[in-house]
Asker: 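One structure follows; several queries about it will come next.
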Amino acid sequence: MPGGPEADRLQDRRLAGTTRLIEFNRVAKVYRAVDGRPVRAVDSVSAAIGAGEFVSILGPSGCGKSTLMMMLAGLLSPSEGEIRFKGEPVFGPQEGCGIVFQDAVLFPWRTVLSNVMLPGEVRGLPKAEQERRARAMIRLVGLAGFETKFPHELSGGMQQRVSIARALSLEPSLLVMDEPFGALDAMTREQMNLELQRISLDLGATVVFVTHSIAEAAFLSDRVFVMSGRPSTVREIVDIDIPRPRRIEQMNSDAFGGYVSRLRDLLDHRGEPA
Amino acid sequence: MPGGPEADRLQDRRLAGTTRLIEFNRVAKVYRAVDGRPVRAVDSVSAAIGAGEFVSILGPSGCGKSTLMMMLAGLLSPSEGEIRFKGEPVFGPQEGCGIVFQDAVLFPWRTVLSNVMLPGEVRGLPKAEQERRARAMIRLVGLAGFETKFPHELSGGMQQRVSIARALSLEPSLLVMDEPFGALDAMTREQMNLELQRISLDLGATVVFVTHSIAEAAFLSDRVFVMSGRPSTVREIVDIDIPRPRRIEQMNSDAFGGYVSRLRDLLDHRGEPA
Amino acid sequence: FEKVVIQNGSPVPAAAYVDYYVAQEAGFFAEEGLDVAVRYAQGAPQAAQITASGGADLGQFAFEPYLYGYAQGMRGKFIFNYSNHNIFFMAVPVDSPARSVADLAGKTIGVSNMGSGSLIVARSMLRAAGLKSDPSVFLPVGVGDSALQALKSGKVQALSLWDGGYAALERAGVKLRYLHHPRIGFIGSDGLFVADSAYDRVKDRAVGILRALVKARIFMRENPEAALRIYWKANPASRQGATDADALRTGMAELSFMMNLGDETPIDQIGRFDLDKLTNYLAVMKEEGVLTSDLSAKALATNELMDRVGPIDAQAVRAKARGWK
Amino acid sequence: MKASATTQELRPWRPVFTTPRGLPAIICTIVALALWQASVALFDVPAYVIPAPATVAARIYEDLVSGLILPHFWITFVEVIVGFAMAVVLGMGLGVTIGLSPAIDRAIYPLLLAFQTIPKVAIAPLLIIWFGYGLHSKAVMAALIAFFPILVNVIAGLRTTDQRRLLLMKSLRARPLQVFTKVRLPGMLPYLFAGLEVGIVFALIGAIVGEFVGSSVGLGSLIIQRQAVIDVAGVFSVLAYLSVMGLLLSLAVKLIASRTAFWERPPETTNR
Amino acid sequence: MKASATTQELRPWRPVFTTPRGLPAIICTIVALALWQASVALFDVPAYVIPAPATVAARIYEDLVSGLILPHFWITFVEVIVGFAMAVVLGMGLGVTIGLSPAIDRAIYPLLLAFQTIPKVAIAPLLIIWFGYGLHSKAVMAALIAFFPILVNVIAGLRTTDQRRLLLMKSLRARPLQVFTKVRLPGMLPYLFAGLEVGIVFALIGAIVGEFVGSSVGLGSLIIQRQAVIDVAGVFSVLAYLSVMGLLLSLAVKLIASRTAFWERPPETTNR
Ligand SMILES: Nc1ncnc2c1ncn2[C@@H]1O[C@H](COP(=O)(O)OP(=O)(O)OP(=O)(O)O)[C@@H](O)[C@H]1O
Ligand SMILES: Nc1ncnc2c1ncn2[C@@H]1O[C@H](COP(=O)(O)OP(=O)(O)OP(=O)(O)O)[C@@H](O)[C@H]1O
Ligand SMILES: Cc1ncc(C[n+]2csc(CCO)c2C)c(N)n1
Ligand SMILES: [Mg+2]
Ligand SMILES: [Mg+2]
């Protein structure tokens, strides 16, 4: 098991030179449980994420990725340790943070358009501006023509895309995405990957991204955090030293293949199955 | 666009010789919509599935795969056309049909164990038998130790696995699975693929399987239905002529690679994006 | 017009208040420059509470609640004697073997509810006849149809209600024989009340009210049918009968039952209290434990404001009554 | 599973009850009336206990054409509307306050409950002294009886708010008022409407009971007046008008509910 | 968002109100009593309208030690329990029948509604004639008033049943009774409990109102008797016992609710 002062230093070293946006200091999360047997979901994670970085998180099902994301977004408090944002302890969600939850979390009483307009509405943007942004995002995720539909009238993948459009609508500087493309077909997913890459670079946004697709993680990320099984920690961090933006064709390159098999190996050698 | 008598014959020919379990006759589904603009989700699908066959369905997001599955399972009635099961028109769900919905659909007031025991309970199996089967299935999907947890205490992927365990618990002769492995990591997914292959062959079960993973479809299936964009139909049927069971290593074979790229091409050339 | 609010103890308009409706309709209140609002309440105790605490200028209710309230600091006086019978008395079916209270030994007596003022009078009557008077003798049977049903089904053998309650039964065709209290059965025990704290403020207007009420009595004696029609207007529900003649017949029966139409009290005595009789009444109330302190008749009621009513032009009132249509 | 269920186009599972579709209700009512008439005849029920429906029907007609019922109906209607409006404000206001704050809940819910158990008739003099006579005291009585179901349902509705939606709003740094209007309120609407449905009927009862306590106009007063003269058919006639008012008001609430909480209508992917 | 909210271990958002945690309620009650005492003194409210809390307290104590209150309390308690039990059976039975069948809904809901708008006090005499002078008529009165909130909430709860769970059950070819016990019933519990919470309080009011009319024992009858003799402190003392009963019963319902519908407790992943 990693963790301990040695691991701490390991993480720190990797980020030398860039601005630290988010820092995890021996963060752990224990969930109380109805059956009285608490679950230690995340155990002593120490890591840092730089501003503008694209970080993917890979790990077995149930290892604590979503838990980590929620803590990172300031929506869940760690049981132990501390999370810092721009050096300050995190006490709640950050300004300009867009979130895609693992399930879509749409509002059934709102149309697609109105769901995507929600963040603008909350921020108090002018109506026309809200609608302009929302329509653009809906087009981006391939749902033009479905603006007036309600969530229950959409397919699973379409619902997920609505929640992506919503997260992007305010041009966030921090994007936290929990398996956003899990319910999409390969083609749509590829398009969405390219769009996400473009947007994140255009905005200079920091992205923390959970995925189960090794290729996707390698394609999109500056760094990939590989998590161990529960009680999990960040087992290894893999730098993908290919300059971004990347083109789909590059996925066939040897360098890329190397990263993918490296990540696959790391995942294969994880501890206990979840 | 396919469809029409010619296409009908096309489908029919392919199944000559095997027992027809399920037949689609120019099946279409139009959803009424709150905004008054009905959606033609599925348009004139004609196809047949043989007993014991493993059929995967590939198609862009929102093309009507889930709709097709629901109709096939007897949970949704077609707007046009007819579905036959063993030659009889379908008027409701079949006996011995296990279903995995796109979302887990767990009962929040039941523990994991109790959720998985539900089908046995409904069928009226003896309690001990119910529990034995349920525990075996929970172990199979890698959730041993989580029997007493409640659904809201599980991660997304774990919830999905509970619903898989539930569908398998009664050793179904027909398995309808809508993206069952979408929220699983690559390793767990691979294991589950192997388990599913083993179980389906052991039981001689007919499996209809929606997935977005082309490799998964090719690996598991006797035939892969590729659907076009909305209003969708089955655009092409690809026979995977590799005897089942298959081993993971075979996925690196040329034959396999050929099927995968064939499927990829078919998907790429689909009509309008969803 | 000066406003006067009169709170009475009945929940809805009733024949017992026909004077008020006549005074209102015939313009006797207006003649006094008064704009009178009659308000209704759940029962006499509530009317007493509201009036005594300043919620109304005057109250129209029975004495008993005031006697109970006196111990709690309720202070005021009755200024108008509304009737010359105690509204509470007992009744048995006409075919009942019971001829007197003594014959009710071992019988059950129906009361409207266990808080009814009729219990006081009934207990006193039973005790005077040497009978048991504990709660087990009484059964709360409500009024109207449920009281009737209780009597008919033999759940109770006698009733102890008030005049208005019997009037309804009479009109429904029930024939009853009445048993009055031997000592206080024919002493009026309700009237118009004014709180001590309001007395000075209200008294001038009260005199106007009293004058109007006396006129109303004169009007009613002269032309009871007109009074009845006025009452019907205030309480349409009370007009019952397939034909006008039917309605008139039952209506007149009710009115005379309630208002002692045959009563020949001289005009200058209408509304005045007989303090000797009241002393008698209070003695019984003391026996029954209603009154716990010494309260004299003079402290309970006063003719002081009746004295200020002065002479009334009875001829003019009668003429008005005769000409009423 | 009947064959017809899957072959024909699916209907929404549970239509909202509307008058034009009221045929079953009418049939049922007629059957009930026939049974009533028959049993009155059969068991020789005295007219002062339950009158025959025919007699009551005649009274209903008479009350209408004589115009007698209208002012009473109107007064009671106004009392109910005013009282119900107060109940909605009170029930939602308190419900939201309590539902959002466990501390306030623990502090005042027991008091409210205690207050609610007090039969309003027992404190009628207080109500009259505080709220005066006339429409106000009746409307207050209606409000006091009707607010409780609204309150309880609002609290229950708030308690079941989807926590993931709250998290989403939190991530958007929404202000509490925004969280309320955009998540909690729409989420609790089905509960609220159940509360309103109970509330409107209890407001009606409240107004009537208020009139029982002391009034010369209104349907409640008319009931007492007719009861006092053992006019049982007349009482039943008033009860019929009361029911009409109740049905109309309840229908109005249901209509508003079905317009507003449309997403609670089950999706099409179902067969029953 | 307060800093403390995220740093400390999270508490479930809305704890169920329990007596041991009743401190805020006690404080609040004391404050209310103090205000009451002060305003009685300040505005010189006569004792026959509102007595001082100290006087009432003395009466409460007296009623208890003299043993006077106990038989009344007990009788009313039994009436409420029996009535409430009938209301639950009636409300759930009718609610389920109506909730599951649109046809029955349209046929009998309007009749039920019409019946519900009838003030029960107006038919109290009938109830006495039908059910006698004893416990039964009061329990029936309690049931008739309490069943409606339960009915409406059951119907609302059934209407919001998760359709996907129904589909799952359908795919398992579950029998209607299984669908009911395994999906609909657990799903509607939060609604049902809201209905029960309102219902238990209304059952109490119903029993009291029933006692007003035809009873010589029970808290309601005691209220009438004390009201008649303007024993206002005595009435308030009874009201206090009534409140205690209401609080106890309502607490019992809430406890059962929180034990049963535990999954409605919000998950831990939230900060408020
Ligand atoms: N609210 C909760 N209460 C109790 N335990 C929880 C809760 N949420 C998650 N857990 C437990 O914490 C562990 C990690 O869960 P988490 O959702 O973070 O996993 P994950 O990595 O996102 O998995 P997946 O890939 O399946 O989504 C799991 O074992 C789960 O059982
Ligand atoms: N209940 C519904 N009411 C109205 N329209 C619906 C409904 N369900 C699905 N649709 C529409 O039907 C189309 C097909 O939906 P379906 O869920 O079958 O797609 P899918 O192929 O399963 O997509 P995905 O891969 O995203 O799950 C979509 O365009 C969707 O908008
Ligand atoms: C003159 C006169 N005043 C009032 C009443 C009415 N009344 C007296 S006692 C009572 C109910 C007591 O339980 C009612 C309604 C009446 N009949 N006659
Ligand atoms: Mg997750
Ligand atoms: Mg789908």
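Order of the sequence lines sets the chain letters (A, B, ...), proteins ahead of strands, with each chain counted from 1. Just so you know, these numbers come straight off a predicted model, no measurement behind them.
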Asker: Can you tell which part of D/Gln227 gets under 4.5 Å to a heavy atom of chain E, answering side chain, backbone, both or neither?
Answerer: side chain

Asker: Non-hydrogen atoms of chain E under 4.5 Å away: do they reach the side chain of D/Val201, the backbone, both or neither?
Answerer: side chain

Asker: Please look at D/Ile224 and chain E and tell me whether the side chain, the backbone, both or neither of the residue comes under 4.5 angstrom of a heavy atom of that chain.
Answerer: neither

Asker: I would like to know whether E/Tyr109 and D/Lys254 meet side chain to side chain contact (heavy atoms under 4.5 Å, CB included); could you show each step before the answer?
Answerer: CA-CA 12 Å; E/Tyr109 191 75; D/Lys254 283 197 160 195; 3.5 Å; yes

Asker: What distance separates E/Leu111 CG from D/Leu33 CG, expressed to the nearest 0.5 Å?
Answerer: 8.5 Å

Asker: To the closest 0.5 Å, what do you measure between CG (D/Leu151) and CD (E/Glu197)?
Answerer: 9.0 Å

Asker: Counting only heavy atoms closer than 4.5 Å, note whether E/Leu249 contacts chain D via side chain, backbone, both or neither.
Answerer: neither

Asker: What are the two closest heavy atoms between D/Ala114 and E/Leu247, and how far apart are they?
Answerer: N-CD2, 4.4 Å

Asker: Looking at every heavy atom in both E/Ser243 and D/Ile118, which two are closest together, and how far apart are they?
Answerer: OG-CG1, 4.3 Å

Asker: Between D/Tyr241 and chain E, which part of the residue has a heavy atom less than 4.5 Å away: side chain, backbone, both or neither?
Answerer: neither

Asker: Based on non-hydrogen pairs under 4.5 Å, which of D/Ser101, D/Pro119, D/Ala32 is most in contact with chain E?
Answerer: D/Pro119

Asker: Select all residues of residues 202-211 of chain E having any heavy atom within less than 4.5 Å of some heavy atom of chain D, and report them by number, or 'none'.
Answerer: E/Phe202, E/Leu204, E/Ile205, E/Ile208

Asker: Which atoms of E/Ala107 come close to chain D, meaning under 4.5 Å heavy atom to heavy atom: side chain ones, backbone ones, both, or neither?
Answerer: both

Asker: So for E/Ile223, is it side chain, backbone, both, or neither that comes closer than 4.5 Å to the heavy atoms of chain D?
Answerer: side chain

Asker: Among E/Val152, E/Thr117, E/Leu113, which one satisfies side-chain contact (heavy atoms from CB on, under 4.5 Å) with D/Ser250?
Answerer: E/Leu113

Asker: Any side-chain heavy atom of D/Tyr191 within less than 4.5 Å of one from E/Pro190?
Answerer: yes

